[in-house]
There are 2 protein chains.
Amino acid sequence: MVKAYCKQCSFKSLATAKLTDNELEILESGCAEVSFKTGEIIIKQNSLSNSITYIKSGLVKIHINGPVKEKIIKIIKAPKYLCLNSNFSEKINHFSATALEDTIVCFLNLESFKKFIYENGDFAYQIILDMSKNEIKDFHSCLNNAQKQTAGRIAEAILFFANEIYNSKNFTLPISRQDLGDLVGTTRESVSRILTDFHNDKIISLEGKIISILNEKLLNDISEKG
Amino acid sequence: MVKAYCKQCSFKSLATAKLTDNELEILESGCAEVSFKTGEIIIKQNSLSNSITYIKSGLVKIHINGPVKEKIIKIIKAPKYLCLNSNFSEKINHFSATALEDTIVCFLNLESFKKFIYENGDFAYQIILDMSKNEIKDFHSCLNNAQKQTAGRIAEAILFFANEIYNSKNFTLPISRQDLGDLVGTTRESVSRILTDFHNDKIISLEGKIISILNEKLLNDISEKG
DNA sequence: AATAAAATGTGATATATATCACAAGAAACT
DNA sequence: AGTTTCTTGTGATATATATCACATTTTATT
């Protein structure tokens with residue numbers, strides 16, 4: 001754990017960018033910066049939550065122990081708040097968060113956050129915008145998961161990693177087949193089969209966890225048509 | 001459309017309850033109260049959104065034209081904001097809303113709402129709490145839909161109507177079998193079959209749309225175990 | 001380097017549920 | 001009241017995907 005310097009922090013969120021110097025000092029005094037190595041647990045489901053979690057750098061999976069099996073809710077790339085939403089109304093964490101690569105996290109004092117919401121309208125509005133945008137995304141991914149069939153959901157996941165995480169058609173999958181299954185709601189076997197299908201059909205090239213998108217248009221079609 | 005009297009309104013949300021008399025007058029001046037009959041469309045997907053929608057009384061389904069077929073996202077009982085979340089960050093409505101019974105809706109001026117968030121910390125915090133609570137609920141229903149099998153999801157839906165909408169073990173289903181299928185993510189045929197199964201197993205009694213829960217414990221088990 | 005443990009690929013089989021087809025009942029309209 | 005349209009029930013069949021089983025590869029540990 002490291003003393004944080006919020007004022008000079010270059011990873012400020014849209015919300016904290018609206019804080020005054022005074023408020024940033026308050027934020028700083030209640031901020032703990034912690035490093036996590038790949039695979040380490042950042043938040044554990046059902047533990048008590050008394051701070052706001054901000055991912056300063058790195059990559060994180062948010063997962064939950066569902067009624068049937070493990071489910072990965074989403075994958076979050078820094079800089080971003082980690083499920084802001086549940087922090088305000090709930091005392092316990094409804095989910096776990098695990099680092100997918102070396103990650104730096106700021107734990108921010110919840111009470112200061114509340115104070116800023118009460119006293120700084122700009123800040124409050126940015127928080128609301130952030131929550132709002134997130135919800136719409138979650139909404140759509142939930143819908144897609146519910147209606148598309150497995151190949152479509154896997155195609156979607158590949159495009160997600162390419163476009164939103166790595167900004168490249170060539171990347172190394174940061175999760176196992178099992179995790180990819182938990183993310184899109186299928187089994188590791190089905191993931192395996194569909195990935196090799198995509199490879200055989202020259203839609204992607206696949207070598208272990210190294211993926212290159214060869215036919216983006218087709219992958220898009222599969223993702224959209226389900 | 002009727003002139004609204006927000007000050008005296010006895011259906012105030014937790015947030016608007018924090019507004020001053022002055023602010024309530026501003027709210028009132030930008031508020032239109034509209035009645036909808038059963039089956040009428042309140043909001044149409046892809047239409048422009050420039051107001052906050054508050055369900056004053058009645059019952060509403062929120063649905064979306066998914067990649068494959070229609071999906072009912074959730075059913076909302078008054079008094080409640082109708083998907084507050086998407087209102088702030090998006091100019092177009094991402095979903096449709098249809099009245100399931102006669103419903104009264106207040107369309108509130110978005111700009112006034114923003115103004116209140118900026119100027120009234122109590123109000124802003126209540127809005128954030130509301131969004132936050134909603135998200136957690138949506139979260140869980142999404143998870144359940146993804147992992148449980150059909151009988152479990154239908155059991156869950158029956159319990160939802162009993163416990164959260166009608167507060168009674170005896171109620172009349174406000175939607176068709178098709179709609180129930182769209183809500184839990186299955187076909188109308190499967191809904192039919194499972195409902196008659198439940199009836200034959202004396203878990204519910206079923207007569208058209210009239211449902212009575214006979215064995216709540218078992219229904220709960222089916223809902224939880226998936 | 002050797003051994004253990006975890007992750008992955010792939011075939012055979014089982015199963016839940018969608019789809020198709022049609023009949024019957026209820027509701028809405030003329 | 002009669003006709004049309006929408007809703008519902010139920011059987012037969014198709015199909016996507018889970019499950020099981022086992023071999024193989026990769027990664028971690030001693």
Side-chain angles (χ1 to χ4, degrees), chain A residues 37-40 61 66-72 98 100-101 144-157 172-201 204-211 222 225-226, chain B residues 37-40 61 66-72 98 100-101 144-157 172-201 204-211 222 225-226:
Chain A
K37 295 223 174 74
T38 305
E40 284 184 338
K61 71 170 174 182
V68 178
K69 53 180 180 173
E70 186 83 0
K71 164 85 188 166
I72 297 179
T98 302
L100 294 179
E101 54 183 54
N144 288 335
N145 273 349
Q147 296 200 337
K148 286 183 191 171
Q149 51 189 66
T150 312
R153 302 199 303 268
I154 291 178
E156 194 189 1
T172 301
L173 208 60
I175 53 176
S176 68
R177 303 289 193 265
Q178 177 69 59
D179 269 8
L180 190 50
D182 290 343
L183 179 64
V184 306
T186 185
T187 56
R188 58 164 201 86
E189 292 96 329
S190 293
V191 172
S192 260
R193 274 186 258 265
I194 288 168
L195 284 181
T196 47
D197 283 355
F198 285 175
H199 178 78
N200 291 338
D201 297 346
I204 61 171
S205 92
L206 180 70
E207 218 190 306
K209 290 202 161 96
I210 302 165
I211 290 179
I222 295 168
K225 303 232 171 85
Chain B
K37 294 225 174 73
T38 305
E40 284 185 336
K61 71 171 173 181
V68 178
K69 53 180 180 173
E70 187 82 359
K71 164 84 185 166
I72 297 180
T98 302
L100 294 179
E101 52 183 56
N144 289 334
N145 273 350
Q147 297 200 337
K148 287 183 191 173
Q149 51 189 68
T150 311
R153 301 200 305 269
I154 290 178
E156 195 190 0
T172 302
L173 209 59
I175 54 177
S176 69
R177 303 289 193 266
Q178 177 69 59
D179 270 7
L180 191 50
D182 289 343
L183 179 64
V184 305
T186 186
T187 56
R188 58 165 201 86
E189 292 96 327
S190 293
V191 171
S192 260
R193 275 186 257 267
I194 288 168
L195 284 181
T196 48
D197 284 355
F198 285 175
H199 178 79
N200 291 337
D201 297 346
I204 62 170
S205 92
L206 180 69
E207 219 192 303
K209 292 202 160 96
I210 302 166
I211 289 179
I222 294 169
K225 304 231 171 86

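Numbered from 1 within each chain, the chains take letters A, B, ... in sequence-line order.
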Looking at every heavy atom in both A:I175 and A:K209, which two are closest together, and how far apart are they? O-CE, 3.1 Å

Protein-nucleotide distance (B:E207, atom CD; D:dT7, atom P), rounded to Å: 20 Å

Measure NE2/A:H199 against P/C:dT10 and give the value in whole Å, please. 10 Å

Atom pair distance, as rounded to whole Å: CZ in B:R177 and C1' in D:dC6: 14 Å

Can you tell me the distance, in whole Å, between the CD1 atom of A:I210 and the C1' atom of D:dT27? 15 Å

Enter the distance from A:Q147:CD to B:D182:CG here, rounded to the nearest 0.5 Å. 8.0 Å

How would you summarise protein contacts on nucleotides 16-30 of chain C per nucleotide, using B for base, S for sugar-phosphate only and - for none, with heavy-atom distances below 4.0 Å? SSSBBB---------

Decide yes or no on side chain to side chain contact (heavy atoms under 4.5 Å, CB included) for A:R193 and A:T150, but give the supporting numbers first. CA-CA 11 Å; A:R193 274 186 258 265; A:T150 312; over 6 Å; no

Please give, in whole Å, the distance from D:dT27 C1' to A:Q178 CD? 17 Å

Short side-chain N/O contact from A:S176 to OP1 or OP2 of C:dA6, under 4.0 Å: no

Residue pair A:V184 / A:A157: nearest heavy atoms and the distance that separates them: CG1-CB, 3.8 Å

Atom-to-atom span, CG of B:L195 to P of D:dT10 - whole angstrom: 11 Å

Mind calculating the distance between CG (A:D197) and C1' (C:dG11) to the nearest angstrom? 14 Å

Of all heavy-atom pairs linking B:D179 and B:K61, the shortest is OD2-NZ, 2.9 Å

Option among B:T186, B:L183, B:I194, B:L180 that satisfies the side chain to side chain contact (heavy atoms under 4.5 Å, CB included) test with B:R153: B:T186

For B:D179 and D:dC6, what is the distance between atoms CG and C1' respectively, to the nearest whole Å? 13 Å

